[in-house]
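This report concerns only the one structure given below.
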Number of protein chains: 2
Amino acid sequence: MGANAPRRAKIPESAIRRLSFYHRHLRDLQALGVATISSREIARVYGLEPFQVRKDLSYFGSFGRRGRGYAVSRLRQRLGLILGLDSEWRMALVGAGNIGMAIFRYQEYRRLGFRIAAVFDADPDKVGRELEHGITVEPMERIGPAVGEQDIRIGIVAVPPEAAQNAVDALTAAGITAILSFPGGQVLVPKDVALRRVSLEADLAALSYFLANK
Amino acid sequence: MGANAPRRAKIPESAIRRLSFYHRHLRDLQALGVATISSREIARVYGLEPFQVRKDLSYFGSFGRRGRGYAVSRLRQRLGLILGLDSEWRMALVGAGNIGMAIFRYQEYRRLGFRIAAVFDADPDKVGRELEHGITVEPMERIGPAVGEQDIRIGIVAVPPEAAQNAVDALTAAGITAILSFPGGQVLVPKDVALRRVSLEADLAALSYFLANK
DNA sequence: CCGTGTGAAACGCTTCACAGCA
DNA sequence: TGCTGTGAAGCGTTTCACACGG
């Protein structure tokens, strides 16, 4: 492959998140036929500084040309490889309630290469229900077998807070090591498992604090 | 009103988010009738360290008793005041699609004191639709007047990415200074406005990076 | 002269160690 | 003795300034 092997250094998580923004923007630019872009232009779109963009990229190599900028398609491809967005990730959705169904229908992330391959719920009334894309809601006991059969690598937890730990345990027992969880509150996982929490409550509380103290 | 006025220092955003977790946990403890708790116990629930909890609290004052711990009800009340969770915040939801409706129905945050007081959508087919809690979907032009009439202070944006900037502009024009936004991509706001992005795409990309590089 | 790439400085958050008080 | 509260150390991220190459 290229001259720049990924560096094994310590990469800030925040840098990874920004790289995913750059990746998205580059995809749009490529669709528009833009060939070249500078760190300044990328930065402006997201309200960042140019050196932030360059530093983020520098963790993984040198992708630009001095005096010129970056070749859009090449950089997009490189970021895709770095982020693992070059191939499709299959996901299990646990919870077919409000939030779960909204996520299921919200297929934006599909363009990024994430696909919900199976849906599970503990409620017998929901099990057996047929969703779009040929997916049927399965019972919790099916998580273990389904993960293996369908090469599922990521779990999404969209159950009520009380059921969160149980859902996470079922996923980790099935060998899942990457989980996105919606319910707030306490969930503990083995430490080789990456758990990312989306906490609406914390976000709202941060806005509340801002309003109350400005 | 006590002896400890809030300090005007620089408080880490991450500390604020953790305080919202403590607040939630204290509410549960209070419901269970627990009178006193130590930083160690709070920490254990969230997989944190005791000094982290004490440091977070210390930004705002001294709420415990040495050798004893914290009085649950007193601490909960104090955190509520600090975070602005002692009174209700009224919110405007922009976007009555998948995500918007899921948020509308997901009323967990209501217990925290956040209430969706009005819902707006640009789609004429959706305008006029009657939702629960006596709310009717209103057209975008109503954002300005409604914000004033109903004392709305927070905006939630749940529209497609292309429409995000427009929705945010409508909210800021109406005087909203705290916004929670779901669509990924570039949205710019005046700098006195707090914009918090919930980016599923970035979260998934971080998980993808983790899987691709472990 | 332009824009990238990067070592080093600045900064901010986390962690620590212990003084202080019940 | 027990647990809080906090100054200071440690550490990781952001910011800067400039060398480098087209």
Side-chain angles (χ1 to χ4, degrees), chain A residues 2-22 26 29 34-72 74-75 78-79 82 202 206 209, chain B residues 2-22 26 29 34-72 74-75 78-79 82 202 206 209:
Chain A
N4 300 304
R7 285 96 194 258
R8 285 266 131 244
K10 181 69 201 46
I11 320 278
E13 149 116 20
S14 43
I16 301 297
R17 296 180 68 90
R18 286 189 297 268
L19 288 177
S20 83
F21 293 141
Y22 310 156
L26 289 165
L29 288 172
V34 177
T36 301
I37 192 162
S38 68
S39 58
R40 179 153 34 79
E41 290 172 279
I42 297 176
R44 201 194 35 216
V45 171
Y46 292 101
L48 303 172
E49 298 294 334
F51 45 74
Q52 173 86 274
V53 174
R54 296 200 301 274
K55 175 61 93 178
D56 290 341
L57 296 175
S58 80
Y59 288 122
F60 295 96
S62 307
F63 308 116
R65 293 198 190 175
R66 296 176 194 237
R68 296 294 190 117
Y70 302 88
V72 170
R74 186 177 117 93
L75 183 57
R78 290 308 213 86
L79 290 184
I82 290 163
Y209 172 78
Chain B
N4 300 304
R7 285 98 194 256
R8 284 268 133 242
K10 180 68 202 47
I11 320 276
E13 150 114 20
S14 43
I16 301 298
R17 297 180 67 91
R18 285 190 298 267
L19 288 177
S20 83
F21 294 141
Y22 311 155
L26 289 165
L29 288 173
V34 177
T36 301
I37 191 162
S38 68
S39 59
R40 179 153 34 80
E41 292 172 278
I42 298 177
R44 204 196 31 218
V45 172
Y46 292 101
L48 303 171
E49 298 294 334
F51 45 74
Q52 173 85 273
V53 174
R54 295 201 301 274
K55 176 60 91 177
D56 289 342
L57 296 174
S58 80
Y59 288 122
F60 296 95
S62 308
F63 308 116
R65 293 199 190 175
R66 298 174 194 235
R68 297 294 192 118
Y70 302 89
V72 170
R74 186 177 118 93
L75 183 56
R78 290 308 212 86
L79 289 184
I82 290 164
Y209 173 78

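Quick caveat, the model's predicted, so the values are computed rather than measured. Per chain, numbering begins at 1; letters A, B, ... match sequence-line order.
- Distance A:Arg40 CZ to C:dG5 C1': 16 Å, rounded to the nearest Å.
- Put simply, CZ on B:Arg78 is 15 Å from C1' on D:dT4, counting in whole angstrom units.
- Between B:Gly64 and A:Pro12, the one whose closest nucleotide on DNA chain D sits nearer the 5' end is B:Gly64.
- Heavy-atom contacts from other residues, nucleotides or ligands closer than 6.0 Å to CZ of B:Arg40 number 12 or fewer.
- In terms of phosphate contacts, B:Arg18 brings a side-chain nitrogen or oxygen within less than 4.0 Å of OP1 or OP2 of C:dT14.
- Between the side chain of A:Arg66 and the base of D:dC20, a donor-acceptor pair under 3.5 Å is found.
- One can place CG of A:Leu57 at 9 Å from P of C:dT4, the figure rounded to the nearest angstrom.
- When the side-chain hydrogen bond (donor to acceptor under 3.5 Å, both in side chains) test is applied to A:Glu13, the partners found at least two apart in sequence or on another chain are A:Arg196.
- D:dT14 atom P lies 14 Å from atom NZ of B:Lys10, rounded to whole Å.
- A close approach under 4.0 Å does not occur between any side-chain nitrogen or oxygen of B:Ser38 and OP1 or OP2 of D:dG2.
- For the pair B:Ser39 and D:dC3, the criterion of a side-chain N or O lying under 4.0 Å from OP1 or OP2 is not met.
- For A:Arg68 and C:dT4, the shortest distance from a side-chain N or O to OP1 or OP2 is not below 4.0 Å.
- Ring geometry, B:Tyr46 versus B:Phe21: the interplanar angle falls under 30°, so the pair is classed parallel (tilted spans 30 to 60°).
- Whole-Å rounding puts the A:Arg17 CZ to D:dT13 C1' distance at 15 Å.
- Near DNA chain C, meaning a heavy atom under 4.0 Å from it, residues 48-56 of chain B has B:Phe51, B:Gln52, B:Arg54, B:Lys55 in order of number.
- We find that CD1 of B:Ile11 is positioned 13 Å from C1' of C:dG12, with the value rounded to whole Å.
- B:Leu79 CG to B:Leu57 CG: the interatomic distance, rounded to the nearest 0.5 Å, is 6.0 Å.
- B:Asp56 and B:Arg18 get closest at one heavy-atom pair: OD2-NE, 2.6 Å.
- B:Tyr59 has no side-chain polar atom (N or O) that falls below the 4.0 Å cut-off from OP1 or OP2 of C:dT14.
- We find that CZ of A:Phe60 is positioned 13 Å from P of C:dT6, with the value rounded to whole Å.
- Every residue meeting the side-chain hydrogen bond (donor to acceptor under 3.5 Å, both in side chains) condition with B:Arg54, not counting sequence neighbours, appears here in chain and number order: B:Ser39.
- Residue B:Ser58 has no polar side-chain atom (N or O) positioned under 4.0 Å from OP1 or OP2 of D:dT4.
- Counting heavy atoms from C-beta outward, B:Tyr70 and B:Val53 have side chains that stay 4.5 Å or more apart.
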